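Predicted, not measured: the structure shown is a model, and the values here were computed from it.
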Amino acid sequence: MSFSAIDHAFMARALQLAQRGLYSTTPNPRVGCVMVRDGVVIGEGWHEKAGLPPAEAAALSAILGAGGTAPGATAYVTLEPCSHYGRTPPCADALIEAGVKRVVAAMRDPNPLVAGQGLAKLEAAGIEVACGLLEAAATELNIGFVSRMTRGRPWLRLKVAASLDGKTALNNGVSQWITSPDARRDAHAWRARSCAVLTGIGTVKDDNPRLTVREVAATRQPLRVVIDSRLETPPDAAVLEGGNVLVAAAQEDPERAAALRARGAEIVILPNAGGKVELAELMQELGRRGINEVLAEAGTRLNGSLLREACVDELLIYQAPILLGDAARGMFGLAELTDLAGAMRLNIIERRAVGADFRIRARLA
């Protein structure tokens with residue numbers, strides 16, 4: 001299907017609008033909508049947060065608020081309009097009732113409750129429908145939502161702050177701070193867009209992190225997830241402050257569990273055969289809780305476990321121009337290789353300077 005330059009321009013604007021919900025829409029997708037008639041924008045909208053109007057309804061409301069109407073308009077929307085009742089009525093019905101003539105969607109909705117039915121409903125109502133314009137950009141914007149809808153688990157980014165020689169901490173555990181304030185601020189932006197931040201008991205003991213968003217403006221705080229097989233998290237740990245914490249353990253310990261619950265933590269028991277937390281099942285549990293994107297900020301051993309157990313989708317590596325030497329701790333606790341054919345292959349999708357450091361984004365090949 002071919003699209004005009006005008007179509008591309010208006011869909012690009014819709015994607016800009018969708019980006020405004022980057023930190024706030026969870027568990028819903030980020031969606032933008034531009035309403036156009038005779039080449040002129042008559043209304044815009046985006047989904048701001050769960051429970052508030054979807055992008056299409058916001059755009060239609062903007063038209064009405066300006067004293068206009070929508071008959072004969074084209075709606076450019078970054079995600080297929082929904083066809084089912086959720087917290088709000090179906091977007092497809094709203095577009096039909098408004099008299100929209102054409103709908104251009106960037107991508108189909110991966111939600112099984114929609115999955116093409118929204119577009120089919122529009123077509124059945126006599127509306128011209130087109131799909132696939134700037135689809136890759138729309139998918140990337142909602143990569144976590146797509147992951148949860150198609151795989152039942154969130155998209156997991158593994159964030160690492162390392163020296164140029166690939167070390168994340170001194171041998172004595174000291175790691176604050178390897179990277180610059182600019183890099184740490186950038187990392188907080190990735191925390192802000194994530195639905196959950198995940199770490200392990202080793203990091204809790206070594207660094208006592210809060211794992212909250214502080215360096216950038218945020219309208220919400222992500223769920224904090226601690227992988228703690230034996231429930232060793234100290235009740236006074238900073239990560240427990242303010243609640244909104246999930247502790248994943250591998251064994252019951254009523255006394256320790258009671259102390260953590262008294263601090264507002266929720267506990268799930270997900271053991272594997274080795275007496276550790278079953279990481280793949282934890283990912284599924286997070287998916288069931290509506291978690292779209294997870295940012296893992298952990299130590300060498302948990303980083304290695306997440307990679308070995310195929311839980312990692314993307315690496316987010318901040319590399320500082322310093323050297324820490326052979327005795328320092330590495331990035332990933334992985335088994336020794338004797339053949340390069342067994343190496344994990346990565347596709348680097350971005351490399352950019354952040355202050356004095358470099359940020360590398362890579363995905364498993």
Side-chain angles (χ1 to χ4, degrees), residues 1-18 20-21 25 27-139 141-142 145-146 149-150:
M1 182 176 295
S2 61
F3 296 98
S4 69
I6 294 297
D7 288 333
H8 279 82
F10 287 132
M11 186 60 78
R13 174 57 182 166
L15 285 165
Q16 286 182 336
L17 294 169
R20 295 184 182 182
T25 64
N28 294 345
R30 299 139 181 161
V31 185
C33 178
V34 176
M35 304 287 291
V36 178
R37 187 168 51 218
D38 298 326
V40 177
V41 174
I42 59 174
E44 295 183 334
W46 68 95
H47 180 50
E48 296 184 41
K49 63 183 294 186
L52 293 184
E56 299 92 327
L60 290 171
S61 179
I63 294 172
L64 294 175
T69 58
T74 294
Y76 294 89
V77 60
T78 60
L79 184 69
E80 173 187 3
C82 66
S83 56
H84 68 290
Y85 278 87
R87 295 186 183 183
T88 56
C91 303
D93 289 356
L95 293 173
I96 293 169
E97 293 170 7
V100 168
K101 179 182 179 181
R102 180 179 180 232
V103 173
V104 181
M107 62 180 287
R108 290 181 180 271
D109 192 334
N111 187 339
L113 295 174
V114 185
Q117 296 180 58
L119 296 176
K121 177 179 278 193
L122 293 169
E123 281 191 303
I127 295 174
E128 180 186 348
V129 169
C131 188
L133 177 58
L134 300 183
E135 182 176 11
T139 301
L141 182 61
N142 283 307
F145 180 76
V146 172
M149 289 296 142
T150 58

Q.
Does any part of the side chain of Arg30, heavy atoms only, come nearer than 4.5 Å to the side chain of Thr78, both counted from C-beta?
A. no

Q | Spacing of His8 atom NE2 and Ile6 atom CD1 [to the nearest 0.5 Å] | A | 11.5 Å

Q. Which distance, rounded to the nearest 0.5 Å, do you find between the SG of Cys91 and the CG of Asp109?
A. 9.5 Å

Q: For the residue pair Cys131 and Val104, establish whether any side-chain heavy-atom pair is separated by less than 4.5 Å.
A: no

Q. Closest approach of Gly32 and Leu17, non-hydrogen atoms and distance?
A. CA-CB, 4.2 Å

(Q) I'd like to check Arg102 versus Tyr76 (side-chain heavy atoms, cut-off strictly below 4.5 Å). Are they in contact? (A) yes

Q: Identify the two heavy atoms, one from Leu119 and one from Ala105, that lie closest to each other, and give their separation to 0.1 Å.
A: CD2-CB, 4.3 Å

**Q.** Partners meeting salt bridge (Lys or Arg N to Asp or Glu O under 4.0 Å) with Glu123 (sequence neighbours left out)
**A.** none

Q) Do Glu80 side-chain atoms and Gln117 backbone N/O form a donor-acceptor pair below 3.5 Å? A) yes

Q | Reported CG-to-SG distance for the pair Asp93 and Cys82, which is rounded to 0.5 angstrom | A | 8.5 Å

Q: Could you walk me through whether Arg37 and Thr69 pass side chain to side chain contact (heavy atoms under 4.5 Å, CB included), step by step?
A: CA-CA 10 Å; Arg37 187 168 51 218; Thr69 58; 4.3 Å; yes

Identify every side-chain donor-acceptor pair in residues 38-63 under 3.5 Å, counting partners at least two apart or on other chains, and give the distances.
| from | atom 1 | to | atom 2 | distance (Å) |
| --- | --- | --- | --- | --- |
| Glu44 | OE1 | Arg13 | NH2 | 3.0 |
| Glu44 | OE2 | Arg13 | NE | 2.8 |
| His47 | ND1 | Pro53 | O | 3.2 |
| His47 | NE2 | Asn28 | ND2 | 3.1 |
| His47 | NE2 | Lys49 | O | 3.3 |

Q | Pairwise distance CZ(Phe145) to CG(Leu79) - rounded to 0.5 angstrom | A | 6.5 Å

Q: Could you tell me the separation between the CE atom of Met11 and the CG atom of Leu134, rounded to the nearest 0.5 Å?
A: 6.5 Å

Q | Over all atoms of both residues, closest heavy-atom pair of Ala92 and Gly118 | A | CB-O, 4.0 Å

Q) Is the shortest heavy-atom distance from the side chain of Thr74 to the side chain of Glu128 under 4.5 Å? A) no

Q. To the nearest 0.5 Å, what is the distance between CG (Leu15) and CZ (Phe10)?
A. 14.0 Å

Q: Quick one: closest heavy-atom pair of Val100 and Ala73, and the distance?
A: CG1-O, 3.2 Å

